[in-house]
Amino acid sequence: MLLALETSCDETACAILEWRAEGGVRVLAAEVASQAALHEATGGVVPEVASRQHLRDLRPLLDLTLRAAGVRLEQVAAFAATIGPGLAGALMIGVAAAKGLAIGFGRPFVGVNHLEGHLLSPFFDEGDELRPATGLVVSGGHTLLIDVAGFRQYQRLGGTLDDAAGEAFDKVAKLLGLPYPGGPVVDRLARTGRDDAFAFPRSLLHEAHHDFSFSGLKTAVRYLLPKIDAADECVVADVCASFQQAVVEVLVEKTVRAARASGRRRLAISGGVSLNSGLRAAFAARCAATGLELCLTPPSLCTDNAAMIGHVGLRLQRHGLSTPLTEDIDPNLRLAYAA
Ligand code: KG4
Ligand code: ZN
């Protein structure tokens, strides 16, 4: 049984999981204390404010998770935490707590890469051997295309050259005067809007490489604003639907193309933006039409959570891997790519 902590950005999260006899993981409890309301006032995350809130939330959240799982700390066999990438001060809170527990109870510490947590989050039910896939991680901080040949065999195919997809959602929402985080709000408003009302750019769609660019899209929305009635709810819904369609089209198209280029037959879609209803529907339709297998992350695991960290932690342990207590956090940690 493993206990995992996640404090890389603005969610404090704790989960307790175990490896199932038939393979894959069982989540005994997973709790999240979101700081979204706290950061709404500033329209984004202020790192020090986030760190202080992690400190306040962590202990009660740990107790809550243990109670929900019906587990005592003495029963936990290993303590995992996100070691990067993320906000330095925020990462230190979870890592220091997990290391302290590991020392106190004489158990191993397992440092987990947040991106690997997202990347593998559609695979909770798979055994030790992961079947190959093309992974798309779309979150507030990252937009990455990764070839997954197996566990720990990752190759970066492409990523964003400027804003992450979630960042684009959040910035466009801010321009439209919508609350933070903008992704869920834009998603909701887009459902009533026309996705062909405004012609927004599909940057790099026809380039052969697997990189993305979303900052032009945000600029296009900014230039459009003075020309429309942003107080009209129908117009705002049209902007949301057209913007979302532009993001979704590029993500789906380039992910399918990357899978073809690397000879993969299945897609693994993860990260906060993979909650987007338009994105999920578009991937489902495209995979049904092309015969690709689609692995979407379950909604409860899309945004930052500790279950996805514990999942990778358990797989690392299955491979005999733990992390020395001397290992530090790394705010810019990359995925461990295959040679
Ligand atoms: O994975 P995540 O919780 O944090 C990072 O690791 O960055 O992703 C948060 C991002 C935010 O930018 C948020 O606006 C976006 O995911 N998001 C969405 C939706 N739900 C969350 N974006 C589009 N549609 C959604 N339904
Ligand atoms: Zn994340």
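Numbering of residues begins at 1 and proceeds along the displayed sequence. Remember, it's 1-based here, ligands and their atoms both numbered in the order they're listed.
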Looking only at side-chain N and O atoms, does [Y] offer a donor or acceptor that is under 3.5 Å from a partner on [X]?
X	Y	answer
Asn113	Tyr154	no
Arg315	His319	no
Ser215	Asp163	no

Report task. Kindly state whether the ring of Phe169 and the ring of Phe243 have centres lying under 6.0 angstrom apart. Result -> yes

Query raised in the report: For Arg280, does the CZ atom sit with more than 12 other heavy atoms under 6.0 Å from it, leaving out its own atoms?
Result: yes

With backbone taken as N, CA, C and O and side chain as the heavy atoms from C-beta onward, which portion of [X] lies under 4.0 Å from ligand 1: side chain, backbone, both, or neither?
X	result
Ala165	neither
Asn276	both
His114	side chain

Test item: [X] and [Y] side chains (from C-beta on) under 4.5 Å apart, heavy atoms:
X	Y	value
Leu335	Arg156	no
Val76	Phe105	no
Ile103	Leu325	yes
Asn276	Val138	no
Val250	Ser203	no

Query raised in the report: Gly166 heavy atoms, cut-off 4.0 Å: which ligand 1 atoms fall inside?
Result: 12 (O)

Report task. State the atoms of ligand 1, each with its element, that fall below the 4.0 Å cut-off from a heavy-atom position in Cys302. Result -> 1 (O)

So is [X] in contact with ligand 1, going by heavy-atom distances below 4.0 Å?
X	answer
Cys9	no
Gln244	no
Gly86	no

Heteroatom distance test ([X], ligand 1): nitrogen or oxygen, under 3.5 angstrom:
X	value
Pro181	no
Asp304	yes
His118	yes

**Report entry** Name of the Asp304 atom (N/O/S only) found closest to the Zn ion (ligand 2)
**Finding:** OD1

For [atom], find the nearest protein heavy atom and state the residue, atom name and distance (0.1 Å precision).
atom	value
atom 26 (N) of ligand 1	Asp187 OD2, 2.8 Å
atom 22 (N) of ligand 1	Gly183 CA, 3.4 Å
atom 10 (C) of ligand 1	Gly140 N, 3.4 Å
atom 13 (C) of ligand 1	Asp170 OD1, 3.8 Å
atom 21 (C) of ligand 1	Gly272 O, 3.4 Å

Report summary line: Rounded to the nearest 0.5 angstrom, the CG-NE2 distance for Leu204 and His209 is 5.0 Å

**Report entry** Whether His118 has an N, O or S atom under 2.8 Å from the Zn ion (ligand 2)
**Finding:** yes

Query raised in the report: Do any N/O/S atoms of His114 come under 2.8 Å of the Zn ion (ligand 2)?
Result: yes

Report task. Have a look at Glu293 and tell me which of Arg265, Arg264, Arg131 forms a side-chain hydrogen bond (donor to acceptor under 3.5 Å, both in side chains) with it. Result -> Arg131

